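First the structure, in the form of structure tokens, and then the observations on it.
Worth knowing before you read on, the calculation uses all heavy atoms, side chains too, and leaves out hydrogens, waters and symmetry mates. In this text the structure is predicted, and so the values were computed from the model without any measurement.
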Amino acid sequence: EVRLVESGGGLVQAGGSLRLSCAASGFTFDDYDIGWFRQAPGKEREGVSCIVTSDGSTYYGDSMKGRITISSDNAKKTVYLQMNSLQPEDTTNYYCAALGKIGSSWCGLAFYEYDYWGQGTQVTVSS
């Protein structure tokens, strides 16, 4: 059974930091890109960042670029999203997703291409 489980969300003051985790199981981790997305109620799902787990290549969307770092621990089958300088507008649910892809050193943030999704973790930034 494929599972993606996010953790690390919570309440933080503006300017603070959080590290989200995405623990994967049930598939060959190195054969999948892992992406982070966020979606506020009534808004479109927005790509935040992704990583090619086989070689560590990364891509950052414009919304949080410069404030986030994505990384992967393949031995633990876990991807992390370090978020710094958080602002109230970053308040929303954050999801990780997996896209099966072999032989490419790039990843993208087209959410409709991703195969599997986690349940999300809530991030709330107070002003």
Going through the distances and angles, do Leu11 and Ser126 end up as a side chain to side chain contact (heavy atoms under 4.5 Å, CB included)? CA-CA 7 Å; Leu11 175 63; Ser126 63; 4.3 Å; yes
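- Closest of all the heavy-atom pairs between Leu4 and Cys22 is CD2-SG, 3.9 Å.
- Atom-to-atom distance recorded for Gln119:CD and Glu6:CD is 7.5 Å, nearest 0.5 angstrom.
- Summarising the geometry, atom CG belonging to Leu18 is positioned 10.0 Å from atom CG belonging to Leu81; distances are rounded to the nearest 0.5 Å.
- When all heavy atoms of Leu99 and Glu113 are compared, the pair lying nearest together is CD1-O, 2.9 Å.
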Evaluate the criterion side chain to side chain contact (heavy atoms under 4.5 Å, CB included) for residue pair Thr92 and Val123; output intermediate values, then yes/no. CA-CA 6 Å; Thr92 189; Val123 171; over 6 Å; no
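- There is a side-chain donor-acceptor pair under 3.5 Å between Asp55 and Ser105.
- Sorted by first and then second residue, the pairs that involve residues 37-81 and meet ring-ring contact (aromatic ring centres under 6.0 Å, His included), not counting sequence neighbours, are Phe37-Tyr114, Phe37-Trp117.
- One finds the CZ atom of Phe29 at 3.5 Å from the OG atom of Ser72 (value rounded to the nearest 0.5 Å).
- No donor-acceptor pair closer than 3.5 Å links the side chain of Glu46 to the backbone N or O of Glu44.
- Residue pairs meeting the disulfide (SG to SG under 2.5 Å) criterion with at least one partner in residues 28-58, sequence neighbours excluded, are Cys50-Cys107.
- Across all their heavy atoms, Ser63 and Arg38 have their closest contact at CB-NH2, 3.6 Å.
- Between the side chain of Thr91 and the backbone N or O of Thr124 there is no donor-acceptor pair closer than 3.5 Å.
- Scanning all heavy atoms of the two residues, the minimum distance from Cys96 to Ile34 falls at CB-CG2, 4.4 Å.
- Residues Thr53 and Asp30 come closest through the heavy atom pair OG1-CA, 3.5 Å.
- A single hydrophobic cluster is seen to contain both Val125 and Leu20, as judged by linkage of ILVMFWY side chains at heavy-atom distances under 4.5 Å, directly or through other members.
- Looking at heavy atoms from C-beta onward, Tyr32 lies in side-chain contact with Asp115 at the 4.5 angstrom threshold.
- Considering CG of Asn93 and CZ of Arg45, their distance stands at 9.5 Å, rounded to 0.5 Å.
- A distance of 10.0 Å separates OG of Ser21 from CG of Asp73, quoted to the nearest 0.5 Å.
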Pair Asp33, Ile51 - check side chain to side chain contact (heavy atoms under 4.5 Å, CB included), show working. CA-CA 6 Å; Asp33 300 342; Ile51 187 166; over 6 Å; no
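- Around the CD atom of Gln82, the shell of radius 6.0 Å holds more than 12 heavy atoms that belong to other residues, nucleotides or ligands.
- Here the closest non-hydrogen pair linking Met64 and Leu86 is CE-CD2, 4.0 Å.
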Begin from the C-alpha positions of Val79 and Trp36 and carry the test side chain to side chain contact (heavy atoms under 4.5 Å, CB included) through to its verdict. CA-CA 9 Å; Val79 170; Trp36 282 99; 3.7 Å; yes
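- Rounded to the nearest 0.5 angstrom, Arg67 CZ and Ser17 OG are separated by 10.0 Å.
- Shown here is Lys65, whose NZ atom has more than 12 heavy atoms of other residues, nucleotides or ligands within 6.0 Å.
- Each ring-ring contact (aromatic ring centres under 6.0 Å, His included) pair with one or both residues in residues 93-113, not counting sequence neighbours, would appear here, but there are none.
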